[in-house]
Amino acid sequence: MILLGTAIGLAVIAAGFVIHPLVYRRWGLMGDAVSPDVFNSQLRKRAALTALKDVEYDRAAGKLNDADYRTMRSRLELEALEAVTAAERADSASGETSAHTCGFKNPGGSRFCAGCGRRLV
Ligand SMILES: [Zn+2]
C-alpha cells in the first residue's frame, strides 16, 4: 500500500513537472500587451512574404512554367504589398513598437516576441 501511494505521488509530481512550463508559458503570453490588429497584420505579412518566396523556389525547382510563375508572382506581390502596408499601418496605430532580431515588431512593454516566441530583454 505504501508502494502504491509512493508511485501515485511520483506520478503526480512528474505530471506537474511536465505541465507546469506549458501553463506558465500560457500565463506569460496572456500578460503581453499585443493588440490583435498588430498580431494579425504581422502574421498576414509574414504569410504573404513566405508565399512569394515559395513561388520563387517552385520556379527554381521547375515546378512552375513561366506563364504560371508570372501570374502567381504578380498576384502574390499585390497581396504582399497590401499586407506590408496593413502591418505598417497597424504598427503606427498601436504606438510604441520594438523590432526584434527576427524582424517582428512587438508593442512596447512586451515580454516575449510575438513572432518567434523568444523572451525580449
Ligand atoms: Zn522574434
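Nothing here was measured: the structure is a model prediction, and the numbers come from that model. Both counts, for ligands and for their atoms, begin at 1 and track the order of listing.
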### Query
What are the two closest heavy atoms between Cys113 and Phe104, and how far apart are they?
SG-CB, 4.0 Å

### Message
Nearest 0.5 angstrom please: Tyr57 OH to Thr50 OG1, how far?
### Response
9.5 Å

### Query
Which protein N, O or S atoms does the Zn ion (ligand 1) have within a distance shorter than 2.8 Å?
His100 ND1, Cys102 SG, Cys113 SG, Cys116 SG

### Query
Who passes side chain to side chain donor-acceptor pair (under 3.5 Å) against Glu77, sequence neighbours left out?
Arg73

### Message
If the condition is side chain to side chain donor-acceptor pair (under 3.5 Å), which residues does Asn65 pass it with, not counting sequence neighbours?
### Response
none

### Task
Measure the spacing between CG of Leu76 and OH of Tyr69 and express it to the nearest 0.5 Å.
10.0 Å

### Task
Give every residue pair that meets the salt bridge (Lys or Arg N to Asp or Glu O under 4.0 Å) criterion with at least one member in residues 39-50, sequence neighbours excluded.
Arg44-Glu82

